[in-house]
Every structure is written in C-alpha cells, then in structure tokens.
Amino acid sequence: MAMAKNFLTILSATVIAFSAILLRSRLSTTWRWAEVFAADVVVVDATIYTSDPVLPFAEAMAIRNGRILRVGNYSDIKDLIGQVTCILNFEGKVVVPGFIDSHVHFLYGGLRMGHLELRGVKSQDKFIEKVKEAMRGKLPGEWVLGSGWNNDIWGGDLPIASWIDDVTPNNPVWLSRMDGHMGLANTLAMNIAGISKYTHDPIGGTISKTMDGEPTGLFADSAMKLLLDVIPEASVNDRRDALIKASKYALMRGVTMVVDVGRYFPGETVDHVWKDLSDVYRWADSAGKMLIRVCLFFPLQTWSSLAALIQENGRALSEWLYLGGVKAFFDGSLGSKSALFYEPYEDDPNNYGIQVTDFDWLLNMTLACDKSSLQVAIHAIGDKANDLVLDLYHSVASSNGIRDRRFRIEHAQHLVPATTARFGQQRVIASVQPDHLLDDAGSAEQKIGAIRAQTGSYLFQSLLSSGARIAFGSDWPIADINPLKSIKTALTRRLPNWKTAWISSERIALDDALNAYTISAAHAIFLDHEVGSLSPGKFADFVVFPSTSWEEFADDVPTTVFATYINGVQAYP
C-alpha cells in the first residue's frame, strides 16, 4: 500500500511538472506569436485626419515594417502592442497624411538654394545692389546665377542688361524671372552666347530688342535656350548635394513625397532629366540616401525611352523612387505675358501670348504616349491654352478608346468659366499651385482686364464642383515649398495686407485643401494604393502639428510642422 501511495505521489508530481512545462511552452509560443504580429510603432492619443472617407478621423494607429496595420480608437489597436512596440503619445496633436507636392523642379530648387535670390526685390536700385553684392568673391569669368525677380512689384518695367553691365564687367550673368519663363542676361553673357541684333526669335520664344534691333538682355520661353546652352552644367556632386538639401527642406515643411517634373523648362535640354535619374536619383536610391519619395516626370519628346524603362523595371524602382509619366509645355506664363489667351493683353494689345509647342506635333506625341499607357501632363496657363489642351486630350481619348488615363493639366490658372466643367467631364486632373495666386492677384487685372481676371482666375471651387480632381503643389522653387501656406491661401484667397479675398466664391473647404495635398495628389500619379491617406496597407507617412484639437487646427491653420514621419520613423526634426 505504501508503495502504491509513493507511486501515485511521484506520478502526480510528474504530471504537475509536465503540465507546467506545457503551460510555459504554450505561453512562450503565444508570446512569440504575439510579438511576431505586434506593431513596431503605435500612435495613441492623436487627432488623426486620415484623408480616407471610410474613416475620416481616428485617435490611434498601428504600424509595422513601415506600413499601417490598423487605424481607429485605442481599443482597436491595443492588442497589437508588444513588449518592444514603440508607443508615440501625441497628447491630442493633429496628425495628417504626409503632404505630396504635385509639381516641383526638385534638383533645380536644391541648386538654386546657393544662387542669388531676388525674390521680394522692390526697386531697380535694390535689384542692382543685390547683383553687385553677389559679385563679391567671384573670379573673372565665373558665372553669376540668380532668380526670383518679379517686375510687377516694382511697377512693371522689365529689367535690361544695361542695369547691371557696369557692376558685372568681367562676369557673365543669368537671372531668371520668378516664373522661370523669362530671364535677364548681361552683355558679357550675350556675347559669349553669340547673341546680336541679327539673332532671330526661335519658334516658341522671343528675344526682347530695342527699336534699333539691339537685344535688351531679356529672353522669354524657348529663346532662353540661347543663353542656357552656354552656362556650365552643375557637377554631379553639386546635384547630389542639391537632392539632399532639397529633401531636408521638404521634410521641414511636412512634405514626404514630391512629383519632380525635372530641370526642364522651355529652352532647356531634355538631357538634364535623364542625367539626374542616372547620376543622382539612382545613386541616392542604391546608396540608401533617399529621404523622401519621388515620382519623376520626363520630357514628352523622350517618351519612348520612358516606355522602355517602365517595360523593363515597372513604375516602382523602389519604395522611394517611381516613374510617373511625361510632360510638355503649351504656353508660357502670365507674369512674362506669354500665357496664351483668346484676347490680347490689356497693356500689350498686339500680344495674345505664345504657343510654345506645335499642336499637331503635340497631338501625335500624346497619341503615341497614350498607346504605350504613359501618363501625360501638359503645362497650360492661359484660357486658350487650356481649351486647346482639353481638345487634344479629347481627341486622344476618342482615338485610343476608354481607359483610366488621368491626363493632367499643369497650372490651369486662367480659364473660360465654362471650361471647368470639361475637366470633370473628361476626368482631367487640374494640377494647381495656390501660392501662384499670391503672385498674380495684384497684377492680373492690369494684364488681362478686370472681367477676365475676376471670372476666370484660379477657379478651384468651380473645378471641384464640376467633379474634377485637383492636386496641389508649389512649383518650387518658382514658389516656396510650403503646403501649410498654400492651404491657407486656398482657404482665404487673401494676400498679405489685403482685407478681402480675391474672388471669394472660389475659396475651398479645409478638407478639400488637405485632400488636394494628400489623397488626390496620390491619385494624380496612380499611387493612391500606396500613399495619400492613413489607411491600412499604405506607407506610414504622416505629419504632426502643434494644434491639440481639430477645432484649433481648422480655426487657425498652423504655420509650422511639429514633426514629419516616413515609414513610421521620425524624419524631421
């Protein structure tokens, strides 16, 4: 009997020990599985605007491997918190998807950060003074490059070479206007380029001349090529540094992705954009130096090279670098009086603007691009230019059949009022830049008259009402890369020191403005499945603001960013 008791005791102890081992094993396995499925990062106590109509607002978000796992309330995501999960408590701060700037010249902007800055110069004397200051430390023969001047803010007179010749006797100078469609060269630069009274206007451009036929130093649109061709190209290292500088600047402004339409302007060589892809972007991507996501557009005339590259690699070269489509120019700009209108400029009655590209050539190229499933974006600013581009897009769609094209018009600044409906009907994306409104509002009536200016300028609300998609951008460095400022401009349409809005009926709502910088901007480049909203499966790119409630944010859109995150990792500050 005693032996039987001992046996039972030993057996019972063994069972208990074995059960404990099994329990520990199960608990360990459960813990390991929990950790496998746990989030890397969880955002809590936040005021999250998602840009997703399914769930517009949330307070918590779980992230793993750079993508969003779940969005909702804390109770919805708490089971995804593991022992090594990083918890970000934002204490009520507003969070929105990372801003997508739909139109920048990114490397050009980075390079310009080291050039002479003429933005805001308000007089001829100050213009000359700034150029003279830029000469300090320059060696004879070294080029002086600058940009940003706007003759409208000093009374309208265009600068001429004689303004600066005396202070730049030994250095060639090129100073581009703020819109990039006109530039000023000094006499030495024109001599280097071989410009004389016998030089003819190229197709799609103008050389400003005196009554005696002498060039004044001003070159517009494709005529700029005559000067740009003799300016030494920036080195590879300078361009790589420009990418890093530009990326850090964008992150500071809450921008996590840009659509780079390249260093291609009327008059520029098409080679720049392709060299930048190989020398800069692919280098940065392979070296792990990409700081923000970039979608690239290429000159239309190189469409076959892009089609071959996409055929070989697909549109996503990596999670940082994407191949977008092709871009062309149809007209110039309002500031340079080269935007194409039905009626002449009020202060220049023989000038209707410039059509910088032949219509039939552009139609044939677009047909070919579309057959290869390439997205096409065309610059159009004047009302006639916009109508002609819409006509062209309609012809292409009719010829090639129905499909999801997402044709884009870049800028779409001045429209015949009835034209807004065509954007919605044809599903053409209006890629617009609100802050250009700040540059044009004070001078548009002088240039195109009160009626055209008041009824057809920057028709954001009319475009939305027509069912069109609008995508916001900056056109940096033509205007600053600053989504918060652009959003406020779209909401108020009020210039500094103005008490009333310019065309108040075209103001838009806050959610429309935010969507134009997020989900609509992503849709405009076929990447709305990857970015643009804080939705499960998408990259965890978001911006945090100091506002601690949605009401506070909406009442007074902040001017600064608290933090910027890409892939759920803090990228700024």
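These values consider heavy atoms only, across backbone and side chains, with no hydrogens, waters or symmetry-generated copies.
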ask   = Of all residues at least two apart in sequence or in a different chain, which pass the salt bridge (Lys or Arg N to Asp or Glu O under 4.0 Å) check with D439?
value = none
key: All ring-ring contact (aromatic ring centres under 6.0 Å, His included) counterparts of Y517, not counting sequence neighbours   = F99, F472
message = Under the rule for salt bridge (Lys or Arg N to Asp or Glu O under 4.0 Å), what residues qualify as partners of D404, not counting sequence neighbours?
response = R406
ask   = Between H379 and F329, what is the ring plane arrangement, given parallel below 30°, perpendicular above 60°, and tilted in between?
value = tilted
request  = Would you name the heavy atoms of G332 and I381 that are closest together and state the gap between them?
outcome  = O-CD1, 3.3 Å
note = Contacts satisfying ring pair (Phe, Tyr, Trp, His ring centres under 6.0 Å) that involve residues 385-408 (not counting sequence neighbours) are Y393-F407
message = Per the salt bridge (charged side-chain N to carboxylate O under 4.0 Å, His left out) rule, what does the pair list look like for residues 328-355, sequence neighbours excluded?
response = K337-D347
ask   = With sequence neighbours excluded, what pairs up with S465 under the side-chain contact (heavy atoms from CB on, under 4.5 Å) test?
value = Q461
ask   = Between R507 and F460, is NZ or CZ placed under 6.0 angstrom from the six-membered ring centre and within 45° of the ring axis?
value = no
query = Do the side-chain N and O atoms of S520 and N515 include a donor-acceptor pair separated by under 3.5 angstrom?
reply = no
request  = State, yes or no, whether a side-chain contact exists between V261 and V104 at a heavy-atom distance under 4.5 Å.
outcome  = no
request  = Would you indicate whether the side-chain heavy atoms of Y565 and V543 approach each other to under 4.5 Å?
outcome  = no
message = Do E445 and R452 make a side-chain contact, defined as non-hydrogen atoms from C-beta onward lying under 4.5 Å apart?
response = no
query = Is K538 salt-bridged to D528, going by a charged N under 4.0 Å from an acidic O?
reply = no
note = Across all chains, not counting sequence neighbours, the salt bridge (Lys or Arg N to Asp or Glu O under 4.0 Å) partners of D101 are none
Pairs where residues 352-364 contributes a residue and the test side-chain hydrogen bond (donor to acceptor under 3.5 Å, both in side chains) is met, not counting sequence neighbours = none
message = Are R67 and E319 packed together at the side-chain level, in the sense that at least one heavy-atom pair is separated by less than 4.5 angstrom?
response = no
task = Could you tell me whether K488 and D556 make a salt bridge, using a distance below 4.0 angstrom between a side-chain N and a carboxylate O?
result = yes
query = For D391, which residues count as a salt bridge (Lys or Arg N to Asp or Glu O under 4.0 Å) partner, sequence neighbours excluded?
reply = R422
inquiry  = Which heavy atom of R403 sits nearest to which heavy atom of L374, and what is that distance?
reply    = NH2-O, 3.9 Å
ask   = In terms of heavy-atom contacts, does CZ of F562 have more than 12 from other residues, nucleotides or ligands at under 6.0 Å?
value = no
Partner residues of Y249 under the ring-ring contact (aromatic ring centres under 6.0 Å, His included) criterion, sequence neighbours left out = W476
Interatomic distance, L317 atom CG to L321 atom CG [nearest 0.5 angstrom] = 4.5 Å
ask   = Taking all atoms of both residues into account, what is the closest heavy-atom pair of L362 and A328, and its distance?
value = CD1-CB, 3.8 Å
task = Evaluate the ring planes of Y345 and F341, with Trp represented by its six-membered ring, and classify them as parallel (under 30°), tilted (30 to 60°) or perpendicular (over 60°).
result = perpendicular
key: T559: side-chain contact (heavy atoms from CB on, under 4.5 Å) partners, not counting sequence neighbours   = none
inquiry  = Would you say CG of L55 has more than 12 non-hydrogen atoms from neighbouring residues, nucleotides or ligands within 6.0 angstrom?
reply    = yes
task = Taking the side chain as every heavy atom from C-beta outward, state whether F539 and I68 have any pair of such atoms under 4.5 Å apart.
result = no
task = May I ask you to test the T256-T564 pair for a side-chain heavy-atom distance under 4.5 Å?
result = yes
inquiry  = Counting C-beta onward and ignoring hydrogens, is there a side-chain heavy-atom pair between L175 and S147 closer than 4.5 Å?
reply    = no
key: Shortest non-hydrogen separation from V432 to A412 and the atoms involved   = CG1-CB, 4.3 Å
key: NZ or CZ of R263 within 45° of Y108 ring axis and under 6.0 Å   = no
request  = Check D435 against A479 and note the closest heavy-atom contact, atom names and distance.
outcome  = CB-CB, 4.4 Å
ask   = So W149 and W154, would you call those rings parallel, tilted or perpendicular, with 30° and 60° as cut-offs?
value = parallel
task = Would you mind reporting whether L306 and V326 have side-chain heavy atoms less than 4.5 Å apart?
result = yes
query = Quick one: side chain to side chain donor-acceptor pair (under 3.5 Å) partners of H436, sequence neighbours excluded?
reply = D475
key: Partner of Y458 by side chain to side chain donor-acceptor pair (under 3.5 Å), out of Q413, R493, E506   = Q413
request  = Check the surroundings of atom CZ in R119: do more than 12 heavy atoms from other residues, nucleotides or ligands lie under 6.0 Å from it?
outcome  = yes
ask   = Are the charged groups of K485 and D480 less than 4.0 angstrom apart, N to O?
value = no
ask   = What is the minimum heavy-atom distance between S533 and P97, and which atoms define it?
value = CA-CG, 3.9 Å
query = Does a side-chain N-to-carboxylate-O contact under 4.0 Å join E410 and R408?
reply = yes
ask   = Could you state the interatomic distance from CD1 (I478) to CZ (R177), rounded to the nearest 0.5 Å?
value = 10.0 Å
